[in-house]
Amino acid sequence: MRTGVPIVPLSVVGAEEIYPLVGNVPSLARLLGVPYVPITPTFPLLGPLGLVPLPSKWLMEFGEPIRTDEYDAGAADDPMLVFDVTDQVRETIQSTLYRLLIDRGGAFG
C-alpha cells in the first residue's frame with residue numbers, strides 16, 4: 001500500500017498434490033536447518049526416487065488487480081484498512097479456488 005502498486009491475486013490448485021504429505025519430522029528439520037522434512041507415500045521409502053513429484057493437473061488463475069494507488073502512503077499504518085484490503089484479497093483467492101476445484105475434477109486425471 002505504501003508503494004501504490006496493485007495486488008494481483010493468484011489462485012493455484014494442484015501444486016499441493018505433487019508431494020502428498022503423510023507426516024513431518026520437525027526435529028530432523030531443525031537439525032538439518034530446513035523448514036521441514038516431509039514424509040510422503042514415496043519418500044523416504046524409495047530413496048531419491050521418492051523425490052520425483054507425482055504428476056498432477058495444475059490450474060492457475062490471476063485475478064483482477066486490486067488497486068492500492070488510491071490510498072496515501074500513511075494508509076498502510078491503519079490496521080483496519082490493511083485488514084479490509086487483505087480480506088478482499090483473501091476472499092478473491094478463496095472464491096477462485098473453490099471454482100477451480102470444481103472445474104478441475106480429479107487430482108490426477
Student: How about Tyr71 and Leu81: do any of their side-chain heavy atoms sit closer than 4.5 Å?
Tutor: yes
Student: Report whether Val82 and Met80 are members of the same hydrophobic cluster (ILVMFWY, side-chain heavy atoms less than 4.5 Å apart, transitive linking).
Tutor: no
Student: Any non-hydrogen side-chain atom of Asn24 less than 4.5 Å from a side-chain atom of Ile39?
Tutor: no
Student: Start with the C-alpha gap between Trp58 and Ile18, add the side-chain angles, then the distance that decides, and say whether side chain to side chain contact (heavy atoms under 4.5 Å, CB included) holds.
Tutor: CA-CA 10 Å; Trp58 290 30; Ile18 63 171; 3.7 Å; yes
Student: Looking only at heavy atoms, what is the nearest atom pair of Thr42 and Gly50, with distance?
Tutor: OG1-O, 3.1 Å
Student: Determine the minimum heavy-atom distance between Glu17 and Arg104, stating which atoms define it.
Tutor: OE1-NH1, 2.7 Å
Student: Please say yes or no: joined through hydrophobic side-chain contacts below 4.5 Å, possibly via intermediate residues, are Phe62 and Val12 part of one cluster?
Tutor: yes
Student: Just wondering, do Pro53 and Tyr19 contact through their side chains at under 4.5 Å, heavy atoms?
Tutor: yes
Student: Going by the rule side-chain contact (heavy atoms from CB on, under 4.5 Å), which residues pair with Asp72 if we only count those two or more places apart in sequence or in a different chain?
Tutor: Ala75
Student: Quick one: are Asp69 and Pro6 in side-chain contact, heavy atoms under 4.5 Å?
Tutor: no
Student: Under the criterion side chain to side chain contact (heavy atoms under 4.5 Å, CB included), I'd like the reasoning laid out for Asp77 against Arg2: C-alpha separation, chi angles, the key distance, then a yes or no.
Tutor: CA-CA 9 Å; Asp77 296 324; Arg2 281 189 178 91; 2.4 Å; yes
Student: Less than 4.5 Å apart, side chain to side chain, heavy atoms only: is that true for Ile7 and Thr68?
Tutor: yes
Student: To the closest 0.5 Å, what do you measure between CG (Leu59) and CG (Leu101)?
Tutor: 8.5 Å
Student: Please lay out, stage by stage, how Leu31 and Leu28 fare under the test side chain to side chain contact (heavy atoms under 4.5 Å, CB included).
Tutor: CA-CA 5 Å; Leu31 181 66; Leu28 182 58; 4.2 Å; yes
Student: Linking I/L/V/M/F/W/Y whenever their side-chain heavy atoms sit closer than 4.5 Å, directly or via other members, would Leu54 and Val52 fall into one cluster?
Tutor: no
Student: Roughly how far, to the nearest 0.5 Å, is the CD atom of Glu91 from the OG1 atom of Thr86?
Tutor: 10.5 Å
Student: Would you mind reporting whether Glu61 and Arg99 have side-chain heavy atoms less than 4.5 Å apart?
Tutor: yes
Student: I'd like to know if Leu10 and Val8 are part of one continuous hydrophobic network [Ile/Leu/Val/Met/Phe/Trp/Tyr, side-chain heavy atoms within less than 4.5 Å].
Tutor: yes
Student: Kindly indicate whether the side chain of Val37, heavy atoms from C-beta on, has any atom under 4.5 Å from the side chain of Leu32.
Tutor: yes
Student: Are Met1 and Phe83 in one and the same hydrophobic cluster, where Ile, Leu, Val, Met, Phe, Trp and Tyr link if side-chain heavy atoms are under 4.5 Å apart?
Tutor: no
Student: For the residue pair Val13 and Leu97, establish whether any side-chain heavy-atom pair is separated by less than 4.5 Å.
Tutor: yes
Student: Heavy-atom count check: over 12 atoms from other residues, nucleotides or ligands less than 6.0 Å from Glu70 CD?
Tutor: yes
Student: Could you tell me whether a side-chain N or O of Thr96 sits under 3.5 Å from a main-chain N or O of Ser11, the two making a donor and an acceptor?
Tutor: no
